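Working notes for the structure below.
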Amino acid sequence: MDRKQLQHQLAYMRKSLFDQGYLDDQFNQLEDLQDEANPNFVEEVVTLFYSDSARFIQNIEQAMIKKPNIDFGKLDDYMHQFKGSSSSFGAKKVKKECSQFRECCSAGNIEGCIKTFQQLKQEHATLRRKLETYFQV
């Protein structure tokens with residue numbers, strides 16, 4: 001594939017991430033910070049997010065298995081951190097699921113938390129696959 005075709009493919013992939021609602025404007029802002037001195041800045045931020053988010057997911061899973069003594073305050077704190085981390089690079093769908101999870105925590109709705117957490121993990125994994133492909137191009 002020649003350089004022009006590669007650039008076109010990359011632009012199409014990037015546009016689809018926005019069109020499908022996976023990313024928001026924060027991703028654009030990160031890209032604006034990337035320059036010749038740090039050409040992999042965005043990829044490094046995303047990689048850091050995925051290493052941090054693995055810890056958040058594990059903490060949330062551990063906190064949710066303590067039925068019936070669920071500490072919704074602790075769950076909300078973990079999810080607040082996860083949401084902030086997601087927001088830092090524009091993970092729009094992940095951030096939305098974090099917000100829904102926090103609403104379930106506020107309502108003391110463990111079933112809602114479980115359902116939303118499963119959806120969050122799915123969105124998280126989907127975005128990861130899409131971004132890995134994007135960064136490989």
Side-chain angles (χ1 to χ4, degrees):
M1 199 178 290
D2 71 11
R3 182 177 170 92
K4 189 168 181 114
Q5 287 175 316
L6 206 54
Q7 287 174 329
H8 179 71
Q9 181 182 4
L10 192 61
Y12 177 79
M13 289 173 69
R14 183 183 179 286
K15 183 181 182 319
S16 73
L17 287 168
F18 283 92
D19 290 348
Q20 295 172 15
Y22 286 102
L23 297 175
D24 64 23
D25 192 52
Q26 184 62 32
F27 192 81
N28 291 328
Q29 293 176 25
L30 276 181
E31 286 183 323
D32 289 344
L33 296 173
Q34 187 165 286
D35 58 18
E36 291 177 11
N38 198 353
N40 298 320
F41 178 71
V42 176
E43 186 174 4
E44 290 168 6
V45 169
V46 171
T47 300
L48 183 60
F49 164 74
Y50 277 101
S51 72
D52 286 347
S53 64
R55 188 182 76 248
F56 294 139
I57 288 170
Q58 183 179 17
N59 289 343
I60 292 164
E61 286 174 338
Q62 290 299 313
M64 287 180 26
I65 62 172
K66 296 181 179 177
K67 287 193 234 177
N69 301 318
I70 303 293
D71 183 344
F72 287 102
K74 187 178 233 177
L75 276 175
D76 187 61
D77 288 345
Y78 289 144
M79 194 56 70
H80 179 72
Q81 292 173 22
F82 198 160
K83 182 180 176 185
S85 186
S86 302
S87 296
S88 72
F89 83 93
K92 186 176 180 179
K93 285 187 177 186
V94 174
K95 183 174 71 173
K96 178 182 171 244
E97 294 301 328
C98 290
S99 294
Q100 289 181 342
F101 184 96
R102 294 188 71 203
E103 288 174 18
C104 292
C105 283
S106 294
N109 178 357
I110 189 60
E111 294 307 318
C113 287
I114 292 168
K115 182 181 176 196
T116 304
F117 190 56
Q118 293 306 316
Q119 183 64 32
L120 181 146
K121 290 192 301 185
Q122 182 178 342
E123 294 296 351
H124 178 265
T126 300
L127 180 60
R128 182 179 199 149
R129 284 190 305 275
K130 288 180 178 286
L131 288 172
E132 284 173 350
T133 302
Y134 175 74
F135 290 126
Q136 286 175 358
V137 173

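In this text the structure is predicted, and so the values were computed from the model without any measurement.
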Query raised in the report: Does the E43 side chain pair with the main chain of N40, one donor and one acceptor, at a distance under 3.5 Å?
Result: no
**Report entry** Pair listing, ring pair (Phe, Tyr, Trp, His ring centres under 6.0 Å) test, anchored in residues 24-66, at least two apart
**Finding:** F49-F89, F49-H124, Y50-H124, F56-F82
Report summary line: Across all chains, not counting sequence neighbours, the side chain to side chain contact (heavy atoms under 4.5 Å, CB included) partners of T133 are M13
Query raised in the report: Counting only N and O atoms by type, is there a donor-acceptor contact under 3.5 Å from the side chain of D25 to the main-chain atoms of N28?
Result: no
Query raised in the report: Within a reach of under 6.0 Å around NZ of K121, are more than 12 heavy atoms found that belong to other residues, nucleotides or ligands?
Result: yes
Query - Close side-chain approach of K95 and D24, heavy atoms under 4.5 Å - result: yes
**Report entry** Side-chain donor-acceptor pair present, S99, R102, cut-off under 3.5 Å
**Finding:** no
Report task. Verify, without hydrogens or angle tests, whether S87 (side chain) and K83 (backbone) share a donor-acceptor contact under 3.5 angstrom. Result -> yes
Query raised in the report: What's the spacing between Y78 OH and Q62 CD if we round to 0.5 Å?
Result: 9.0 Å
Query - Pair R55 + D52, salt bridge at N-O below 4.0 Å - result: yes
Requested in this report: Side-chain contact test, heavy atoms from C-beta onward, threshold under 4.5 Å: evaluate it for V42 versus F135 and give yes or no.
Outcome: yes
Query raised in the report: Transitively linked via ILVMFWY side-chain contacts under 4.5 Å: I57 with L48?
Result: no
Query raised in the report: For Q34, what residues pass the side-chain hydrogen bond (donor to acceptor under 3.5 Å, both in side chains) criterion, not counting sequence neighbours?
Result: none
Report task. Indicate, with yes or no, if F18 and L10 share a hydrophobic cluster defined by side-chain heavy-atom contacts under 4.5 Å among Ile, Leu, Val, Met, Phe, Trp and Tyr. Result -> yes
Query raised in the report: Roughly how far, to the nearest 0.5 Å, is the SG atom of C98 from the CD1 atom of I60?
Result: 7.0 Å
Requested in this report: Begin with the C-alpha distance, continue with both residues' side-chain angles, and end with the deciding distance and a verdict on side-chain contact (heavy atoms from CB on, under 4.5 Å) for L17 and L131.
Outcome: CA-CA 9 Å; L17 287 168; L131 288 172; 3.9 Å; yes
**Report entry** Polar side-chain atom of K93 near backbone of Q20 as donor-acceptor pair, under 3.5 Å
**Finding:** yes
Query raised in the report: Shortest non-hydrogen contact from I70 to A63?
Result: CD1-O, 3.7 Å
Between side-chain atoms of residues 110-120 and protein atoms elsewhere (two or more places apart, or another chain), which donor-acceptor pairs fall under 3.5 Å?
residue: T116; atom: OG1; partner: G112; partner atom: O; Å: 2.8
residue: Q119; atom: NE2; partner: E123; partner atom: OE2; Å: 3.0

**Report entry** Hydrophobic cluster membership, L6 vs Y134, 4.5 Å side-chain cutoff
**Finding:** yes
Query raised in the report: So, do L33 and N38 sit near enough that their side-chain heavy atoms are less than 4.5 Å apart?
Result: no
Report task. Applying side-chain hydrogen bond (donor to acceptor under 3.5 Å, both in side chains), name anything that partners K92, two or more places apart in sequence or on another chain. Result -> none
Report task. Go through the structure and list residues passing salt bridge (charged side-chain N to carboxylate O under 4.0 Å, His left out) with K4, not counting sequence neighbours. Result -> none
Report summary line: Correct closest heavy-atom pair for L127 and A91 would be CD2-CB, 3.6 Å
Report task. Look up atom CE in M64 and atom SG in C105, then write down how far apart they are to the nearest 0.5 Å. Result -> 8.5 Å
Query - Side-chain heavy atoms of K66 within contact of D71, under 4.5 Å - result: no
